[in-house]
Amino acid sequence: MNFIQVSFSVDQALSDMILAELSNGDFDTFEEFDGGIHAYTEEERFDQRFVDEISDRYEVAYATQLIPKENWNETWEKNYDPIIVGDQVLVRATFHKELPPYPIEIVVDPKMSFGTGHHATTHQMIKAQLAIDHQGKSVLDLGTGTGILAIMAAQLGASRIEGTDIDEWCIENSQENFSLNQLSGITLQMTAAQNFICAAPFDIVLANINKNVLLNEMHYYADFCKPNGYLLLSGFYEVDIDDINVRTHECGFTMVSRQSRDNWAQLTLQKSE
């Protein structure tokens with residue numbers, strides 16, 4: 001399996017808009033660089049007409065590059081630096097040199113999955129998790145990607161952790177990252193929310209997914225969440241908060257807190273009794 005890298009050389013404001021557009025397609029992973037954005041999808045899922053429409057709409061050109069699967073790790077090793085979240089969490093890869101200790105350390109080799117902590121959405125989700133008591137709690141990570149949020153939940157003391165993703169590659173990658181962090185017992189289902197088999201509701205539900213998916217699946221999230229349980233959301237822009245709030249309110253959630261980073265938003269909500 002090979003991947004297609006689509007690159008737009010644009011300023012930050014336009015980069016955010018194009019990323020939002022691409023996230024509505026079959027692009028799973030995004031990488032921002034100084035002067036633009038890279039987006040990645042499996043070669044067989046690449047829809048050139050979809051990208052052309054975005055290119056025409058914003059009147060910007062793009063470039064594509066074929067990336068063989070076996071070269072993906074090398075690509076990340078060149079661009080992936082360790083990050084720190086809230087002076088408490090260190091996120092690094094196995095190829096990084098030894099760093100000073102932090103209260104929480106997460107090891108993630110991202111391969112083709114989304115979620116290294118670099119993107120504002122993942123960074124904010126980790127920060128939001130720090131503010132929620134996970135000790136002995138049950139946690140569901142929807143669209144787990146690299147598994148980074150599930151790993152964070154385990155590091156914070158969650159006792160039951162499950163995750164979902166629709167991509168076999170993400171399931172494989174997250175399982176590898178669980179092993180890197182000496183974690184076992186995290187259950188994964190390769191499925192979308194509507195087909196997720198939920199044996200019992202969760203104390204905490206995590207969803208770092210694009211706006212349209214969140215809006216369409218919110219009623220499932222409500223079913224997965226216990227009364228008084230928490231729902232942590234990201235994957236959308238500050239301008240989308242009102243739309244998200246309307247939908248979450250319809251599904252029985254009340255906002256607890258919000259934050260933003262680089263125009264991306266994160267909401268923490270609580271389900272009514």
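Of all heavy-atom pairs spanning I37 and L19, the tightest one is CD1-CD1, 3.0 Å. In plain terms, the two heavy atoms of D165 and G143 that are nearest each other are OD2-C, 3.5 Å. Closest approach of R258 to I241, counting heavy atoms only: NH2-CD1, 3.1 Å. Taking both residues in full, the closest heavy atoms of G235 and N208 are given as N-OD1, 3.3 Å, listed atom of the first, atom of the second, then distance. Pairing each heavy atom of M218 with each of C251, the nearest pair is CG-SG, 3.7 Å. Closest approach of L233 and M125 over heavy atoms only: C-SD, 3.7 Å.
Put simply, the residue from L188, T146, I186 that forms a side-chain contact (heavy atoms from CB on, under 4.5 Å) with S174 is L188.
Side chains of F236 and T121 form no contact here, defined as non-hydrogen atoms less than 4.5 Å apart. A heavy-atom distance below 4.5 Å is found between the side chains of F46 and V6. Using a 4.5 Å cut-off on side-chain heavy atoms (C-beta onward), L267 and T248 make no contact. The shortest distance between side-chain heavy atoms of V51 and Y62 falls below 4.5 Å. Between I67 and N2, the closest side-chain pair of non-hydrogen atoms is not below 4.5 Å. Contact check for Q129 versus L156: side-chain heavy atoms found under the 4.5 Å cut-off. L206 is listed as a side-chain neighbour of V139, based on a closest heavy-atom distance under 4.5 Å. The closest side-chain heavy-atom distance from M152 to V89 is below 4.5 Å.
With a 6.0 Å radius and a threshold of 12 heavy atoms from other residues, nucleotides or ligands, D87 has its CG atom at or below the threshold. Shown here is E59, whose CD atom has no more than 12 heavy atoms of other residues, nucleotides or ligands within 6.0 Å. Atom NE2 of H219 has more than 12 heavy atoms from other residues, nucleotides or ligands within 6.0 Å.
Side chain of Q124 to main chain of R261: a donor-acceptor pair is present (N/O by atom type, distance under 3.5 Å, no hydrogens or angles). In this structure, Q65 contributes its side chain and A63 its backbone to no donor-acceptor pair below 3.5 Å. Looking only at distances, a side-chain donor or acceptor of N177 sits under 3.5 Å from a matching main-chain atom of N173. A donor-acceptor distance shorter than 3.5 angstrom exists from the side chain of Q270 to the backbone of N228, with no hydrogens or angles considered.
Applying the salt bridge (charged side-chain N to carboxylate O under 4.0 Å, His left out) test to pairs two or more places apart or on separate chains, none has a residue in residues 130-152. A ring pair (Phe, Tyr, Trp, His ring centres under 6.0 Å) check over residues 124-155, counting only residues at least two apart or in different chains, returns nothing. Note on residues 218-234: pairs passing salt bridge (charged side-chain N to carboxylate O under 4.0 Å, His left out), not counting sequence neighbours, are D203-K226.
Under the rule for a side-chain contact (heavy atoms from CB on, under 4.5 Å), the partners of Y102 that lie at least two apart in sequence or sit in another chain are I84, L90. By the side chain to side chain donor-acceptor pair (under 3.5 Å) test, K211 pairs with D240, D243, sequence neighbours left out. Qualifying ring pair (Phe, Tyr, Trp, His ring centres under 6.0 Å) partners for Y221, counting only residues two or more places apart in sequence or in other chains: none.
Distance CG/D52 to CG/D47: 9.0 Å, rounded to 0.5 Å. Here the NE2-OG distance, from H123 to S234, works out to 11.5 Å after rounding to the nearest 0.5 Å.
Between E53 and S55, the side chains place no donor N or O within less than 3.5 Å of an acceptor N or O (distance only, hydrogens not considered).
Between Y220 and F196, the distance separating the two ring centers is not shorter than 6.0 angstrom. Side-chain rings of F202 and F224 stay apart, their centers remaining 6.0 Å or farther from each other.
Contact check on E21 versus R57 returns a salt bridge, with a Lys/Arg side-chain nitrogen under 4.0 Å from an Asp/Glu carboxylate oxygen. Ionic pairing of R45 and E43 is not present here: no N-O contact between side-chain nitrogen and carboxylate oxygen is shorter than 4.0 angstrom.
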side-chain contact (heavy atoms from CB on, under 4.5 Å) evaluation trace for T187 with I161: CA-CA 7 Å; T187 303; I161 305 171; over 6 Å; no

